[in-house]
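In what follows, a structure is listed as structure tokens, so that the remarks can point back to it.
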Amino acid sequence: MTLAGLNATTAVPAPRTVDPRRKTAGSPSRFAAGLFAGYGLVALSWLAPLVLVAAWEALSRAGWVSAQVLPAPSKVLATAIKLTVSGSLLADLGTSLIRAATGFVLGGLVGLTLGTLVGFSRLAEAAIDRSVQMIRAIPFLALLPLVIVWFGVGEGEKIFLVALGVTFPIYVNTTLGIRQIDAKLLELGRVQGLGSGVLIRRIILPGALPSILTGVRYALATAWLALVVAETIGAESGLGFLAMDAREFLRTDVIVLTIVIYALIGVAADSLARLLERRLLAWHPRYDGAGQGRTGR
Amino acid sequence: MTARPAVVVSGLVRAYGARPVITGLDLRIARGEFVALLGESGCGKTTLLRALAGLDPIQGGHIDAPRRPAVVFQEPRLLPWENLWRNVGLGLDGSAVRERAAAALDEVGLGDRLEDWPRQLSGGQAQRVALARALVQEPELLLLDEPFAALDALTRIRMHSLVAALVARHRPGVLLVTHDVEEAIALADRILVMRDGAIAFDHDTRRVGDGGVRGRTRPTRAALLAELGVAAETV
Ligand SMILES: Nc1ncnc2c1ncn2[C@@H]1O[C@H](COP(=O)(O)OP(=O)(O)OP(=O)(O)O)[C@@H](O)[C@H]1O
Ligand SMILES: [Mg+2]
């Protein structure tokens, strides 16, 4: 697959005298070639972005791209070091992370509680679900002006917005997870005489966990998005403030730096969620061995 | 036969909606007695077993069963997120859960797989774990609903001797629902056939033989098949 894939990207197909498929499937040389091609592609996949960054650097240095438009990567790096040493970058980063974490925990608790209630009880579903679904239909960022009227531009507004963005993915996936629990296992719980505490801890929560963790991964993404927006609209501290403050002074190097940091934290949060999935779902066939994560809902 | 009963059922009525499935069924199983229940598909065997297990409400009659009979279903129903010893210990309280679960797993020949996940087991092994989970409760009544139906013939024969040995050691009253006439003949002290919502045939294999000879009397395969509505010649 790999060599053919490489060839396909070159304009002139290499003449073939030997069909590679005719080689013995298990031959060591073919295995090694496949392995090499595999590593080669991985290397290429990392090399390509590096080349892009190098090209960007070269264009900036040559003066083809104005530093006002896009500063050189080296300049961004230097700014990062300078701001880290002065301590202001870490302080702003800390502020942003605390906002995200607080909003995430609050929204997560609300989503988990409502989701559990609705997952279990027809009554709670009748009472809660339609209202929640109606609020969910609103793109939560559209509520921003209203939220600012309620809370003003401050911590409350940012945390509320993050919490709002987190609540729905957790709610939906918790409800789904609890509904999907195998009724036969619940019946087994009755046969074994489990009390409701043990039933929840050993059958219901673990059964719903894969779905809940999927919700957590979605929630991480929305939490981050909510924070970026809230901080960009107005803040006296945090990464978004750093970016907007830099805009006043046309410091594109600082702006690019905050963008890169936002991206890095997004990646880190996702990896953390994947790690959590692999740890908690070791029993799950899908996380067997190499542990490719799941995609989609 | 004079042993304390494991379960006594009298005049049991069970209906799904307006459709009665069990209509006045009487049954008594002594502790240590192994009873096999045969009957055509859909005659109500699972319905009876679920009623005995206290899983479904009943519409009439009386069931005097221990507070917590152990049940083995047709599928093993292991919790995929718990390892084997935790699965076996599900519902055990008190101390030394791991030791008791380990001993039970040892009895079914899986003593070296305590920490394995259920998905690492074959069908027969998983069903053995389910058996261990049932027996570790030391039940007075063990209800088995076609527990070997999904297994291949060889594994099934091995399971027969395992179950016979375990039951002989723990002495619960056993109700085994099965479609397999040979299985019933091989394992049971008593063989019942269910028809029209009640027990239509009850053969005790431990009756004293005709010539006063003590020993097990087996109903013939043909006789049982006839009870089940299958003409012997056609088999
Ligand atoms: N949950 C249910 N709701 C309505 N009817 C049911 C339900 N479960 C079983 N029945 C009906 O009750 C009758 C007895 O079913 P049951 O499952 O007890 O049969 P069975 O003897 O165990 O059959 P099999 O040997 O095929 O397992 C059947 O006619 C079936 O259609
Ligand atoms: Mg059945």
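Chain identifiers are assigned alphabetically (A, B, ...) following the order of the sequence lines, protein sequences preceding nucleic acid strands; residue numbering begins at 1 within each chain.
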Side chain to side chain contact (heavy atoms under 4.5 Å, CB included) partners for B:Val8, two or more places apart
B:Pro5, B:Arg28, B:Asp64
Nearest-0.5 Å distance, CG of residue B:Leu90 to CZ of residue A:Arg202:
5.0 Å
Heavy-atom proximity to chain A below 4.5 Å, by part of B:Arg77
both
B:Pro118, part contacting chain A, at a heavy-atom distance under 4.5 Å:
neither
Among the listed options B:Leu92, B:Leu55, B:Val71, B:Leu79, the residue most often paired with chain A at heavy-atom distances under 4.5 Å
B:Leu55
Please classify the contact of A:Leu280 with chain B as side chain, backbone, both or neither, using a heavy-atom distance under 4.5 Å.
neither
Between the CD atom in A:Gln192 and the CD atom in B:Gln137, the distance rounded to the nearest 0.5 Å is 5.0 Å
Any side-chain heavy atom of B:Trp81 within less than 4.5 Å of one from A:Leu209?
no
Interchain contact, A:Arg190 with chain B, by part (heavy-atom threshold 4.5 Å):
side chain
Minimum side-chain heavy-atom gap A:Leu188-B:Arg133 below 4.5 Å
yes
Atom group of A:Val198 that falls short of 4.5 Å from chain B, counting heavy atoms:
neither
A:Leu185 side, atom CG; B:Glu75 side, atom CD - distance, nearest 0.5 Å
9.0 Å
Could you tell me whether B:Glu40 atom CD has more than 12 heavy atoms of other residues or ligands within 6.0 Å of it?
no
What part of B:Leu78 gets within 4.5 angstrom of chain A, counting heavy atoms only: side chain, backbone, both, or neither?
backbone
Crowding at CD, B:Glu138 (>12 non-hydrogen neighbours, <6.0 Å)
no
Does atom CG of A:Leu264 have more than 12 heavy-atom neighbours, drawn from other residues, nucleotides or ligands, at distances under 6.0 Å?
yes
